[in-house]
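Residues take their numbers from the sequence shown, with the count starting at 1.
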Amino acid sequence: IANNNGVVISGTITDGSEPLQGVKVEFTGGYGFAETNSNGYYSKSVNFGYTGTATPKKDGFTFDPINTSYENLTENTISDYIGSISLLNISGNIVDQDNNPMENVSLNFSNGGGSVLTSVNGNYSINVPYGYIGIATPEKEGYTFDPGFIEYTEITVNYPNQDYKGNNNGVIISGTITDGSIPISGVTIDFGGEGTAETNSNGFYSKSVDFGFTGTATPEKSGYTFDPVSTVYNNLNESITTNYVATVGSLIISGEVTSIDGPMSDLIIKIGNGFTTTDQLGNYTYDVDYGFTGNIVPQSELYNFIPEQ
C-alpha cells in the first residue's frame, strides 16, 4: 500500500507592510481553504503531484497576484500575496433652493475620507475604502444644506444619489433716507431682479438679498433726487447699511398780470408764504418745492383781480 506523503503550500499575506488576518486561500480539487492567522500566515497540505489553483479571498480586498496555479507540485512551496483594500464610490448632486446646480460646494468626509468639490453641474464623486465609517458634510459660505450631513457605517457597496439641497442664508441691505434731518417715507429702492423695498414713516428700509448678491440699488420717489444716486454691490457677503439723502425737486410757477391799461409791473404776488414781483411786462416767476400746496394772491388796494387767487 502506497501513502502519498503530500507537500505543503504556505505563505504570508500582508497589505504591503502589516499582516492581514482572516484571508481565506481557497484551493481547487476539493482541498477546501486555509485561513491566515494574526501574523498573516497560512499553510495547506496537498497531495504530492498536486495540480490546481489557490485564490486568496477577503471581503473588501483585492490581491496581487489574483491567484496562483500549481502543476504536478512535488515539493513544499511558499506563495505570498499582497492585499489592497477595495475602494467604493459615493456620488450625488447638489442644487440650490431654486433647483439650480451648485458649483464648488465642498463635501468633506470625516475619518480620513477626504474631500471633493462639486462640478459646474453640481455633481460630485469620491472613492472611499471598503468598510468606510464616517460623516459627509457639505459646506459653502453663505449656505446651509438639507440634509446637513450623511453618516456612513461600514459601507460594503457603492452609494449613488447622495443628494443635498443648499439654502442661501441671505444678507440684509438696510438704511435710512432723510432730507438731511427729516425722514422721507414712501421712497422705493429698486434692487433689480431682487425686487424692491420701501421706506416707512421713519425713513427706514430693509431688503434681504442672496448671499453673494451682485447688483445695483436705486432709490426713487417722484419729485426727489438722491445722494448717492445709486449703490453698486459686488459679491455681498455680509449685511450692510446704506443711507441716502433726498433733495426735493423744485418747480416754477409763472404767469402774467394785466389790466385794461396793459401789463401791471411792480405788483407784489404772494405765493404761499413767499413773495415775488411782476416785471415791466407784468410777468412773474417763482420757484416752489415739488408738491407745493398754497395760494397765489396778487396784492393791490386799487385793483380787484380775476381770479382773486
Side-chain angles (χ1 to χ4, degrees), residues 170-309:
V171 293
I172 302 294
I173 300 174
S174 62
T176 303
I177 301 179
T178 69
D179 64 1
S181 59
I182 299 173
I184 305 296
S185 64
V187 179
T188 298
I189 300 91
D190 187 352
F191 290 87
E194 292 284 335
T196 62
E198 185 172 318
T199 55
N200 61 17
S201 59
N202 296 316
F204 178 77
Y205 73 93
S206 178
K207 180 65 178 177
S208 177
V209 296
D210 282 346
F211 184 94
F213 170 70
T214 295
T216 302
T218 305
E220 299 173 346
K221 184 173 183 176
S222 294
Y224 287 83
T225 58
F226 297 90
D227 183 21
V229 174
S230 61
T231 305
V232 176
Y233 302 96
N234 185 33
N235 194 29
L236 190 64
N237 56 23
E238 61 182 356
S239 295
I240 192 169
T241 299
T242 304
N243 299 324
Y244 298 87
V245 175
T247 301
V248 66
S250 63
L251 299 173
I252 297 175
I253 296 176
S254 62
E256 180 186 32
V257 183
T258 61
S259 70
I260 58 174
D261 298 322
M264 298 184 65
S265 63
D266 299 322
L267 180 70
I268 295 174
I269 308 294
K270 182 181 180 183
I271 301 178
N273 294 322
F275 297 88
T276 188
T277 304
T278 58
D279 62 17
Q280 291 182 348
L281 298 177
N283 297 317
Y284 71 92
T285 62
Y286 191 77
D287 291 342
V288 297
D289 287 343
Y290 182 95
F292 166 79
T293 298
N295 297 321
I296 304 173
V297 184
Q299 308 287 302
S300 175
E301 296 180 354
L302 301 177
Y303 290 87
N304 295 320
F305 297 92
I306 301 174
E308 292 183 357
Q309 60 182 15

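Under the side-chain contact (heavy atoms from CB on, under 4.5 Å) criterion, T285 pairs with I252, S254, not counting sequence neighbours. Evaluation of the side-chain contact (heavy atoms from CB on, under 4.5 Å) rule for Y224 yields I184, K221, F226, A246, V248 as partners, not counting sequence neighbours. Residues meeting the side-chain contact (heavy atoms from CB on, under 4.5 Å) test with Q309, sequence neighbours left out: N295, V297. Partners of D279 under the side-chain contact (heavy atoms from CB on, under 4.5 Å) rule, at least two apart in sequence or in another chain, are L281, N283.
Among all heavy-atom pairs drawn from I271 and Y286, the shortest one is CD1-CB, 3.3 Å. Taking each heavy atom of K270 and Q299 in turn, the nearest pair found is CB-NE2, 3.7 Å. Residue Y205 comes nearest to I173 through the heavy atom pair CE1-O, 3.9 Å, listed as atom of the first residue, atom of the second, then distance. Among all heavy-atom pairs drawn from E198 and G186, the shortest one is OE2-CA, 3.6 Å. Pairing each heavy atom of F275 with each of N273, the nearest pair is CE1-O, 4.3 Å. The two residues P183 and S201 come nearest to each other via the heavy atoms CB-O, 3.9 Å.
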Using atom types as modelled, flag every donor-acceptor pair under 3.5 Å from a side chain in residues 227-243 to any protein atom, sequence neighbours excluded.
{"unit_1": "T231", "atom_1": "OG1", "unit_2": "Y244", "atom_2": "OH", "d": "2.9"}
{"unit_1": "Y233", "atom_1": "OH", "unit_2": "T242", "atom_2": "OG1", "d": "2.8"}
{"unit_1": "S239", "atom_1": "OG", "unit_2": "I172", "atom_2": "N", "d": "3.0"}
{"unit_1": "N243", "atom_1": "OD1", "unit_2": "T176", "atom_2": "N", "d": "2.8"}

Report all side-chain donor-acceptor pairs from residues 259-266 shorter than 3.5 Å, counting only partners two or more places apart or in another chain.
{"unit_1": "S259", "atom_1": "OG", "unit_2": "D261", "atom_2": "N", "d": "3.1"}
{"unit_1": "S259", "atom_1": "OG", "unit_2": "G262", "atom_2": "O", "d": "3.4"}

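For the atom pair OG1 (T278) and CD1 (I269), the distance works out to 6.0 Å, reported to the nearest 0.5 Å. With rounding to the nearest 0.5 Å, the separation of CD1 in I177 from CG in N202 is 13.0 Å. Here F292 contributes atom CZ and S250 contributes atom OG; the two are 13.0 Å apart, rounded to the nearest 0.5 Å. From I189, atom CD1 reaches atom OG1 of T218 across 10.0 Å, with rounding to the nearest 0.5 Å. Atom-to-atom distance recorded for L267:CG and Y303:OH is 9.5 Å, nearest 0.5 angstrom.
Heavy-atom contacts from other residues, nucleotides or ligands closer than 6.0 Å to CZ of F305 number more than 12.
You'll find the side chain of S181 reaches within 4.5 Å of the side chain of D179, heavy atoms only.
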